[in-house]
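For reference, the structure discussed in these notes is given below.
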Amino acid sequence: MEKGLISVDQWTQGSQAYFLTHLHSDHTKGLTSSWARGPLFCSRLTAKLFPLKFPGLNLSLLRVLDTGSWHSISLISPSSREKTVVQVMAIDAHHCPGSIMLLFRGEFGCLLYTGDFRWETDGERAKIARNTLLKALKDDAVDILYLDNTYCNPKYEFPCREFAAQQVADIIASHPSHDIIIGIDTLGKEELLLHISRLLNIKIWVWPERLQTMQLLGFHDIFTTKTSLTRVRAVPRYSFSIDTLEELNTIRPTIGIMPSGLPWLVKPLKGNDKLFGSLLTSYNRSKNGAKGGIETDKMNDNLGVERFHKYVYTVPYSDHSCFMEIQEFIKLVQPVKVRGIVSSSSCYVDPLYYFGRLCKANPPSRGLHNSEERKSLGKRVIAVQTNCYVRSGNATEAGRKRGRTLKVNFLGVNASKTNALRRIQRGAKIVPSE
DNA sequence: GCGATCAGCT
DNA sequence: CACAGCTGATCGC
């Protein structure tokens, strides 16, 4: 693709059209409420959610891409200065509400940008997704696949989300008199919460801004901000820690559930690195078939649920594709080239290392573990301008968020105390005060 | 005072 | 390790 034409999930100057795959912060880094660099294409749901994340944004710049149909965009070719047409189709990425993959056709060829995506292979929804993709690709060979390679390593295996959601529901049902906290982000994992709510006939507490999101998504009477109405609370992931759970257990029996494709998200108590180290070792051992030191919950033996700590379970509920699903996706797309869009992971490997043989004309490449090589990969990708981002995890909207922070502090307590206290105020608090 | 950026943390 | 995110400090305007 030529420089100066379009950008995906990248917000620096110099493009004529900008595309957003979904509203997670690591994809909107550089985008602000004062956006004015050009038209911004996204899904209908993302457009609906935009004002929550970017209050004051000029909505007339938004262009809705309905999924499953081609949209033509007239632009100027940066090289010839002549008019050129870019066609784009949005395809549901099944990552979080509003998330899409983007399929482009133009003078640059045919490109497929997955954004973050989950490509489940079983079930009715998977069949629909598969047929949709095949239909979209029927006239084209994909020249370059820009791939969500978050879990592009055979060590990542996890079940479909419906299965993992049932595991979470089972854990909750087996702790009938415990309070439950579940760590989630600002968007995503809604279906997990719906499953729990439906199955256990229980409302779920969320923090006030998350309730707004839920209402925009069309969920009514399921979520609440009143702590007295339920024992199940979904709290911001950053407020979920073993420290928080220790604190909560001084008030009331509480367990935490962390739904994640990664098994090591919860940090141990400060100064307890030995415990953490042994847990990781045990996790790796148990993955290899031997029983490690982790207490594996009896009802979920060997199914990915780990009792990480006396108060914490991790459940393999992931909004990214596991290795096998990535493999199936590449088999289906059969791209000429593949480029990973996530390069910050320390276990980063060029997708071609695993999947070169599945592509149209590629020898297997060697792994890319070296950080210098990783950097050059990133640069190469930026040079061709279908912007792969580097997951740096830094929120540039910190200032904007800062302005809203106090509203989240629903107990009305000044937040500048200890971290543990802050975490409690931000969602894990039991004491009702409404 | 504000936005942008970074370090530190979860 | 790091799915995505918050917070405080600092700097230039």
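Residue numbers start from 1 in every chain, and the chains themselves are labelled A, B, ... in the order their sequence lines are given, proteins ahead of strands.
Between A/H95 atom NE2 and C/dC3 atom P the separation is 10 Å, expressed in whole Å. Between A/L262 atom CG and C/dC1 atom C1' the separation is 8 Å, expressed in whole Å. Across the protein-nucleic acid pair, A/F158 atom CZ and C/dC3 atom C1' stand 9 Å apart, rounded to whole Å. The CD1-P distance, from A/I341 to C/dC3, rounds to 12 Å in whole Å. A straight line from CG of A/D243 to P of B/dC9 spans 13 Å, rounded to a whole angstrom. Remark: C1' of B/dT10 and CG of A/D185 are 11 Å apart, rounded to the nearest angstrom. If you measure from atom CG of A/D116 to atom P of C/dA2, you get 15 Å, rounded to the nearest angstrom. Between the CG atom of A/L57 and the P atom of B/dG3 there is a distance of 14 Å, given to the nearest Å.
Of the candidate nucleotides C/dC3, C/dC6, C/dG5, C/dC6 has the atom lying nearest to any side-chain atom of A/Y238. For A/S260, the listed nucleotide lying nearest its side chain is C/dC3; candidates were B/dT10, C/dG5, C/dC3.
Checked against the 6.0 Å centroid threshold, A/Y317 and A/H195 do not count as a close aromatic pair. Two rings, from A/F158 and A/Y151, have their centers less than 6.0 Å apart.
Judged as a salt bridge (Lys or Arg N to Asp or Glu O under 4.0 Å), and not counting sequence neighbours, the contacts of A/D66 are A/R44. Take A/R118 and apply the salt bridge (Lys or Arg N to Asp or Glu O under 4.0 Å) test, not counting sequence neighbours, and it matches A/E120, A/E325.
The side chain of A/S25 places an N or O atom within less than 4.0 Å of a non-bridging phosphate oxygen (OP1 or OP2) of C/dG5. The side chain of A/S318 places no N or O atom within less than 4.0 Å of a non-bridging phosphate oxygen (OP1 or OP2) of C/dC3.
Comparing the same atom, P, in B/dA7 and in C/dC1 gives a spacing of 16 Å after rounding to whole Å.
As judged by a 4.0 angstrom heavy-atom cut-off over every strand, A/S34 is placed among residues making no nucleic acid contact.
With respect to A/K53 and A/E209, no salt bridge is recorded, no charged nitrogen being found less than 4.0 Å from a carboxylate O.
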